[in-house]
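Here the structure is laid out as structure tokens; the discussion comes afterwards.
Letters A, B, ... mirror the listed sequences (proteins, then strands); counts begin at 1. Since the model is a prediction, treat every value here as computed from it, not as a measurement.
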There are 2 protein chains.
Amino acid sequence: MTAAAFRVDPQGSLTDVTGIAVGHYQRTGGGWRTGTTAVIARSGATAGVDVRGAGPGTRETDLLRPENLVQQVHGICLTGGSAYGLAAADGMMHWLESRSIGFPVGPLAHQIVPIVPAAVIFDLGRGGDYTHRPDIEFGRRAATRARTSAEANGSVGAGTGAVAGGLQGGVGSASTTLSNGIVVSALAVVNAAGSLVNPASGMPWESSAHQLRRPTTDERSALAAATSSPSLPATGVLNTTIGVVATTAQLSKAECTKVAGVAHDGMARAIRPVHSMFDGDTVFALATGIHVLSESQASGLRAEGSRAALLNLILDAAAQCFAAACTQAIVSARSLGGPLAYRDLCSSAFAPTPRRSAT
Amino acid sequence: MTAAAFRVDPQGSLTDVTGIAVGHYQRTGGGWRTGTTAVIARSGATAGVDVRGAGPGTRETDLLRPENLVQQVHGICLTGGSAYGLAAADGMMHWLESRSIGFPVGPLAHQIVPIVPAAVIFDLGRGGDYTHRPDIEFGRRAATRARTSAEANGSVGAGTGAVAGGLQGGVGSASTTLSNGIVVSALAVVNAAGSLVNPASGMPWESSAHQLRRPTTDERSALAAATSSPSLPATGVLNTTIGVVATTAQLSKAECTKVAGVAHDGMARAIRPVHSMFDGDTVFALATGIHVLSESQASGLRAEGSRAALLNLILDAAAQCFAAACTQAIVSARSLGGPLAYRDLCSSAFAPTPRRSAT
């Protein structure tokens, strides 16, 4: 584990895993600033979840426990609207049902139930009207817009109403390809009470995959002022970072659960503090099963190419991709009339000339 | 959550929480390089645990589930010896029994069962003899040595046989006092497959609490050579980081479980990668109950001083203390004839003059 066998691409997309499509739908203005992100797996994907925030809003997560019946999901709904926003998953289910995609529950083709676990972020009232939140139509529209090409990042979809450490939050993604050809990708919706930016440097805590320059002293001061506004109480703000990690590997539900768990390590590195009593931090893992892993697990740890050793690489990649996706969310976010965005405050971080010496 | 309300002391000790004592016993030479660390709570402590590594070796962790009967533990056994080393907990139990400390199971004073959860690290054979591992006597001696004064750090107790990212591992601790007087402390036994040192800088990933200087270019080269030795396969090495977080706050078992979980965020920041299939990473949390928290939890998130808001501070402190304790383990470790220690390779990091500009 001394040298990483892969390099994380912060421009990568969740859809770099074949079989995964992503669509965003959002509304802004007129009291709105919220949205929904639909992750679609038309051919199904084995799934797991790990909920590590203490204030989660989820559905269909019990189904994902390894011992339970259903093995594959057909989509993941990530949405604003707190628990009200769970309704967006209904829209995704209807969209999938109309395409005959779902878990068969009877002998006839239309007797299916699409499996769409969901998790929400808290963004109620951020657009001005507390009652303007995603509903069934948001889920349907986000699913309709789902594409297998690279998805948009920044203040879109479920990240539209997101706030992260006092800055505009958003959606970010990243991906990597392991030397054995397995692809791992991540999409994060970052709406954190904690901060993604190291106040000492003005740079994201996790920026090793990103080509960022150190902001100027003036920019760091502006950043400090924006992120310590008295409108941001030290406690009492509901927040949540949610997301999906996907891989082309063929994993079991239990292995997907482990991947989702270790992806939270990336969240812990990128966001400080995290997993608080007021965060509902939740990560789903999807495995499309294109790449079959070695089954040589009976020999304990002696086999270099054992299944566990291969899974370790996927775990490390999941953590690194999720961290990079969180950072990508904050650096690609743009202000929508609410909090300022990182790029508004630290534009010199994005100067085209590369940094001379990276730390 | 913008400004930390506390500062972590990397010289702090787990015993900074009143009521907690720590003792180390180890053997080196003659085929030995292993040991046991006894954490003793003579008056009992409410406890929780979170196991996030995929190869754990533990005992009495089911008892710690919030729904189960026993509320308080009397000690935690951290030990080398892989699953064989779990025998050391027997020695701690006997020591406690002889002092009439335990969970009452009958009407008579001697009818008690001391509650001593345990977790192990893998260090089999590191001293040369695969059969030389902690047994009941190690636990008894470690308990006998337990003191409420600051415990020793470095290559002692359960950290004696530890290896971390190719360097000598060990035991580290840290503590902090919140503005409300609540003390949070951590002790980590670092035996990780992942590395605690950022190869780009030669400094620990988490060094903000430590007064370290940047190693020289020559030192970084030596570090890179030592940590990428061909004797360290990228996979197939069993490792584990285990530890204890303690607080003076009065917490429930469920709250202790949450504290233990968030302490793993500190582990994720300090050790990369972590929580792998070959790590048994386990953190216990102990609450001695000296400081009673506000009970104003019925008002959701409106109350600034709600119990959840206070718990959030403890969670953040637990993560930061555990990260600092991991770093303290690697910087205070000294080679015992096995792998080199960080301070052997990067002595200029410990030069007395402070760094001019910290990042």
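For B:Ser276 against A:Asn312, the heavy-atom pair with the smallest separation is CB-OD1, 3.1 Å. When all heavy atoms of B:Val274 and A:Asp265 are compared, the closest pair comes out as CG1-OD2, 3.3 Å. Across all non-hydrogen atoms, the minimal contact from A:Phe278 to B:Ala309 is CZ-N, 3.7 Å.
Residue A:Ala319: no heavy atom, backbone or side chain, is found under 4.5 Å from chain B. Only the side chain of B:Asp50 has a heavy atom closer than 4.5 Å to any heavy atom of chain A. Neither the backbone nor the side chain of A:Ile314 comes within less than 4.5 Å of any heavy atom of chain B.
A:Arg52 places a side-chain N or O within donor-acceptor distance of the main-chain N or O of B:Gly261, the cut-off being under 3.5 Å. Looking only at distances, no side-chain donor or acceptor of A:Arg272 sits under 3.5 Å from a matching main-chain atom of B:Asp316.
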Given side chain to side chain contact (heavy atoms under 4.5 Å, CB included), test A:Met277 with B:Lys258 step by step and report yes or no.
-> CA-CA 9 Å; A:Met277 297 305 291; B:Lys258 179 70 182 165; 4.0 Å; yes
